[in-house]
Amino acid sequence: MSENGRIITRFAPSPTGFLHIGGARTALFNFLYARRHDGKFILRIEDTDQLRSTDESTKAILDAMTWLGLNWDAGPFFQTQRLEIYRETAKKLVAAGKAYYCVCQPEELEKKRKQALAEGRKPKYDGACRDKSLTATPDAVIRFRCPGIGATVVGDMIKGPVTFNNEELDDLVIMRQDGHPTYNFAVVVDDAEMAITDVIRGDDHLNNTPRQILLYEALGYAVPRFAHVPMILGADKARLSKRHGATSVMAYQEMGYLPEALVNYLVRLGWSHGDQEIFSLAELIAFFDLESVGKAPAVFNPEKLLWLNQHYIKECPPEKLAELVIPFWKELGHEVTDRRLAAQVVTDLRERAKTIKEMAAGSAFYFVNDVAFDEAAVKKFLNGDHIATAEASGLLFASLAEENYTKEGIENVLREFAVRTGKKLKDVAQPLRVALTGTTVSPPLDSVMTTLGKQKVIERIQKAVEYAKRVGQV
RNA sequence: GUCCCCAUCGUCUAGUGGCCUAGGACACGGGCCUUUCACGCCUGUAACCGGGGUUCGACUCCCCGUGGGGACGCCA
């Protein structure tokens, strides 16, 4: 079954919600491990829970994987399309005496479970139907017969060998009343059938692993290698959840994050390569290994993710960045079609935005007909003497020859003007900035002015002067 | 309660018995640069959970404790 020793990994989410941060990291590790070893990465949707699985979730998960660039080589496979395989396999187990039908009622079991917990015992199935040799009936489930003696060792690639006493394991249900397999059964059958060589998953599954190994053995399958990755926690060290902020991968896209940033952040959550922080995809594929995955759970730190996002924004080519900002401008009501202009705007903002969303907001002034003036800024920099300064410098720009209307030319005008009037450059720049952008915070004036173009600059200065006069600043 | 896992700066981590006066990164403080805000550069604060062993020598190995996480479903 195994393709001559080739590594095969899989990501197997249940479609009961969006792809979250933790799942994304698991998927990423599986993806990288497969790529690193020139193997195969399979996507499998574990939709055996009829109640909670939805098509929307499946779509959302696929979209998020695609956005992150976690391209799978096969699948998505759906467990609900493979029901026959589980049923047949389960029947074989029953025929071999390794599994049996059970008619214990869920309510009854729940009662016993609670009682055991209350009495301080480990809640385990009591084996009521174990030796009744029941046959298939509509309300019967199938349980796997656990040995109950001996021990099972999980040779985990991250945690090292972990030993479980088999008496800790009870007879788990493998086929439900509704004819669907349970997780522990379906996962074993599929991982075996799909010839998965390395199972990389969250360490919340470590406790399931011994019973899965027992199933592999009962079915005569080869046992894969396991790697249990520690959980991701929130700032309060509790398991990461909605109350810690955004946990959905796509929420980060909406907030203006680059997939490269999220991938880079996620991979460093638990994995390291010396002191290196920034990794290209090619480097990740070249370097990723399970030996360097830590054993301790990691706290999700949005600040560092933000820093990485800023880094990738700075690195991003303007043309590509422009493509990414366009939808965010649109959301702000600016239909930007001029790609050249967009690339220029983005270049102005590139080093001063932490997210694409922030970049869109910080550059909206380029696209308006009338600048939205910030009251405090106007009050401070478009008054008395300042307004005369703006007006005067505006005339200078107007008289600037087209070939001198460059960043250098503009800066020269600014500097000479400051020297001539005995002002600080700052006192010349700020009024202009407010006139052109409406606020005191913007990219450098020479950039703003060249991007905006001479005509608009002159127009905006005039309008600003008029505005200031109108609101009685003079 | 039982079982399993884990434990280095606030956070992510380097460290595999002497290289450690414990390194890097984020965040934070100070400084430089500067036409605003940023970027960048320099710099500072900050950690080996506790106790026993083992060893000439423990952040590194062992045990116990403590703390945190996970599992105990006809969820995955």
Side-chain angles (χ1 to χ4, degrees), chain A residues 12-16 46-49 51-53 102 104-106 109-110 113 116-125 139 141-143 154 156 158-160 162-165 167-170 172-178 180-184 186-187 201-210 228 230-231 233 235 237-239 265 268-278 292 294-308 310 314 349-354 362 377 381 411 414-415 418 424-430 432-434 437 439-446:
Chain A
S14 65
T16 54
E46 311 223 320
D47 56 351
T48 55
D49 185 338
L51 262 47
R52 280 180 277 193
S53 299
C102 166
C104 292
Q105 290 309 300
L109 293 171
E110 187 54 30
R113 194 169 6 247
L117 232 29
E119 289 170 14
R121 300 197 320 275
K122 185 168 178 136
K124 283 168 58 181
Y125 175 60
D139 64 336
V141 299
I142 299 178
R143 281 183 188 274
V154 179
D156 196 88
I158 292 171
K159 311 269 185 185
V162 183
T163 305
F164 292 87
N165 225 315
E167 54 187 83
E168 294 295 332
L169 315 171
D170 61 359
L172 69 153
V173 171
I174 57 175
M175 291 298 287
R176 294 189 257 250
Q177 236 169 40
D178 66 3
H180 282 64
T182 58
Y183 164 73
N184 278 302
V187 78
R201 68 206 338 177
D203 75 1
D204 48 338
H205 288 290
L206 185 55
N207 287 292
N208 287 323
T209 310
H228 287 97
M231 302 272 85
L233 313 177
K237 305 257 183 174
R239 191 177 179 151
Y265 178 70
R268 282 285 290 102
L269 216 48
W271 177 80
S272 61
H273 185 71
D275 285 339
Q276 190 168 342
E277 294 287 349
I278 307 290
S292 304
K295 297 178 179 185
V299 174
F300 184 80
N301 178 213
E303 311 263 73
K304 189 161 180 181
L305 169 58
L306 198 56
W307 171 74
L308 277 162
Q310 181 177 220
K314 275 186 294 186
L349 271 292
R350 208 154 58 134
E351 298 204 329
R352 42 188 34 81
K354 287 184 183 344
F381 292 110
E411 185 170 354
L414 243 31
R415 289 191 185 283
K424 285 185 186 168
L425 194 49
K426 187 177 174 175
D427 295 322
V428 178
Q430 282 308 73
L432 268 177
R433 191 185 310 282
V434 175
T437 71
T439 73
T440 54
V441 175
S442 83
L445 277 181
D446 50 0

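Chain letters run A, B, ... following the sequence lines, proteins first and then strands; every chain starts at 1. These numbers were taken from a predicted model, which means no experiment stands behind them.
Between the CD atom of A:E46 and the P atom of B:C74 there is a distance of 17 Å, rounded to whole Å. Atom CG of A:D156 and atom P of B:C4 are 15 Å apart (whole Å). In this structure, A:H228 atom NE2 and B:C4 atom C1' are separated by 11 Å, rounded to whole Å.
Of the C1' atoms belonging to B:U45 and B:G31, the separation is 15 Å, rounded to the nearest Å. Between B:A46 and B:C9, the two C1' atoms lie 5 Å apart (nearest whole Å). Of the P atoms belonging to B:C3 and B:G65, the separation is 12 Å, rounded to the nearest Å. A distance of about 15 Å separates the C1' atoms of B:C61 and B:G15, rounded to the whole Å. Comparing B:G44 with B:C49, their P atoms are spaced 25 Å from each other, to the whole Å. Between B:C28 and B:U11, the distance separating the two C1' atoms is 12 Å to the nearest Å. With both ends at atom C1', the span from B:C64 to B:A25 equals 35 Å, rounded to whole Å. Nucleotides B:C42 and B:A47, compared at atom P, are 23 Å apart to the nearest Å.
Inter-residue side-chain proximity for A:E168 and A:P210 is flagged as unmet; no heavy-atom pair is nearer than 4.5 Å.
Judged purely by atom type and a 3.5 angstrom limit, A:R143 has no side-chain atom pairing as donor or acceptor with the backbone of A:M175. Without hydrogens or angle criteria, A:R239 side chain to A:L233 main chain gives no donor-acceptor distance under 3.5 Å. Counting only distance, with no hydrogens or angles, the side chain of A:T440 and the backbone of A:A377 share no donor-acceptor pair below 3.5 Å.
Residues that satisfy the side-chain contact (heavy atoms from CB on, under 4.5 Å) test with A:D49, not counting sequence neighbours, are A:L51, A:R52, A:S53. A:Q276 is linked by a side-chain hydrogen bond (donor to acceptor under 3.5 Å, both in side chains) to A:E283, counting only residues two or more places apart in sequence or in another chain. Every residue meeting the side-chain contact (heavy atoms from CB on, under 4.5 Å) condition with A:E411, not counting sequence neighbours, appears here in chain and number order: A:R415, A:D446. By the side-chain contact (heavy atoms from CB on, under 4.5 Å) test, A:A298 pairs with A:L269, sequence neighbours left out. Partners of A:R201 by side-chain contact (heavy atoms from CB on, under 4.5 Å), not counting sequence neighbours, listed by chain and number: A:R10, A:Y183, A:V187, A:V199, A:H205, A:T209, A:Q212, A:F226, A:H228. Under the side-chain hydrogen bond (donor to acceptor under 3.5 Å, both in side chains) criterion, A:E277 pairs with A:R268, A:K304, sequence neighbours left out. By the side-chain hydrogen bond (donor to acceptor under 3.5 Å, both in side chains) test, A:S272 pairs with no residue at all, sequence neighbours left out. For A:D139, the side-chain hydrogen bond (donor to acceptor under 3.5 Å, both in side chains) partners at least two apart in sequence or on another chain are A:T137.
With a 3.5 Å ceiling on both atom-pair distances, the Watson-Crick or G-U wobble partner of B:A25 is B:U11. Look at B:C72: its Watson-Crick or wobble partner, with both distances under 3.5 angstrom, is B:G1. Within the shown strands, B:C6 is the pairing partner of B:G67 under the Watson-Crick or G-U definition, both distances less than 3.5 Å. Nucleotide B:U36 forms a pair with no other nucleotide shown, judged by Watson-Crick or G-U wobble geometry with both contacts under 3.5 Å.
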What pairs of nitrogen or oxygen atoms, one from the protein and one from nucleotides 70-73 of chain B, lie under 3.5 Å apart?
from: B:G70; atom 1: O3'; to: A:R239; atom 2: NH1; distance (Å): 3.3
from: B:G70; atom 1: N2; to: A:N207; atom 2: OD1; distance (Å): 3.4
from: B:G70; atom 1: N2; to: A:N207; atom 2: ND2; distance (Å): 3.1
from: B:A71; atom 1: OP1; to: A:R239; atom 2: NH1; distance (Å): 3.0
from: B:A71; atom 1: O4'; to: A:N207; atom 2: ND2; distance (Å): 3.3
from: B:C72; atom 1: O2'; to: A:P123; atom 2: O; distance (Å): 3.0
from: B:G73; atom 1: OP2; to: A:R113; atom 2: NH1; distance (Å): 3.2

Using a cutoff of under 3.5 Å, can you pull out all pairs of nitrogen or oxygen atoms linking the protein to nucleotides 37-41 of chain B, with atom names and distances?
from: B:C37; atom 1: O2; to: A:R352; atom 2: NE; distance (Å): 2.9
from: B:C37; atom 1: O2; to: A:R352; atom 2: NH2; distance (Å): 3.4
from: B:C37; atom 1: N3; to: A:R352; atom 2: NE; distance (Å): 3.4
from: B:C37; atom 1: N3; to: A:R352; atom 2: NH2; distance (Å): 2.3
from: B:C37; atom 1: N4; to: A:R352; atom 2: NH2; distance (Å): 3.1
from: B:A38; atom 1: O2'; to: A:E351; atom 2: O; distance (Å): 2.8
from: B:A38; atom 1: N3; to: A:R352; atom 2: NH2; distance (Å): 3.4
from: B:C39; atom 1: O3'; to: A:K314; atom 2: NZ; distance (Å): 2.9
from: B:G40; atom 1: OP1; to: A:K314; atom 2: NZ; distance (Å): 2.9

What does the list of N/O pairs under 3.5 Å between the protein and nucleotides 11-16 of chain B look like, with a distance for each?
from: B:U11; atom 1: OP1; to: A:K237; atom 2: NZ; distance (Å): 3.1
from: B:C12; atom 1: OP1; to: A:V299; atom 2: N; distance (Å): 2.8
from: B:C12; atom 1: O2'; to: A:R268; atom 2: O; distance (Å): 2.8
from: B:C12; atom 1: O2; to: A:K304; atom 2: NZ; distance (Å): 3.3
from: B:U13; atom 1: OP1; to: A:G270; atom 2: N; distance (Å): 2.5
from: B:U13; atom 1: O3'; to: A:S272; atom 2: OG; distance (Å): 3.1
from: B:A14; atom 1: OP1; to: A:S272; atom 2: OG; distance (Å): 2.9

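For A:T163, no side-chain nitrogen or oxygen approaches OP1 or OP2 of B:C4 to under 4.0 Å.
One finds the NZ atom of A:K124 at 7.5 Å from the CG atom of A:L169 (value rounded to the nearest 0.5 Å). A:L445 contributes atom CG, which lies 6.0 Å from atom CG of A:L414 (distance to the nearest 0.5 angstrom).
Residue contacts for A:T439: at a heavy-atom cut-off of 4.0 Å it reaches no nucleic acid atom on any strand shown. Contacts of A:N165 with the nucleic acid, taken as non-hydrogen atoms under 4.0 Å apart, are absent.
RNA chain B is contacted by both A:E168 and A:Q276; A:E168 maps to the nucleotide lying nearer its 5′ end (nearest heavy atom per residue). For A:V162 and A:L305, each mapped to the nucleotide of RNA chain B holding its nearest heavy atom, the one lying further toward the 5' end belongs to A:V162.
Remark: A:D203 does not engage A:K295 in a salt bridge, criterion side-chain N to carboxylate O under 4.0 Å.
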Next on the checklist: How would you summarise protein contacts on nucleotides 28-34 of chain B per nucleotide, using B for base, S for sugar-phosphate only and - for none, with heavy-atom distances below 4.0 Å?
Outcome noted: -------
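For B:C64, the O4'-C1' to base torsion is more than 90° from 0; the nucleotide is therefore anti.
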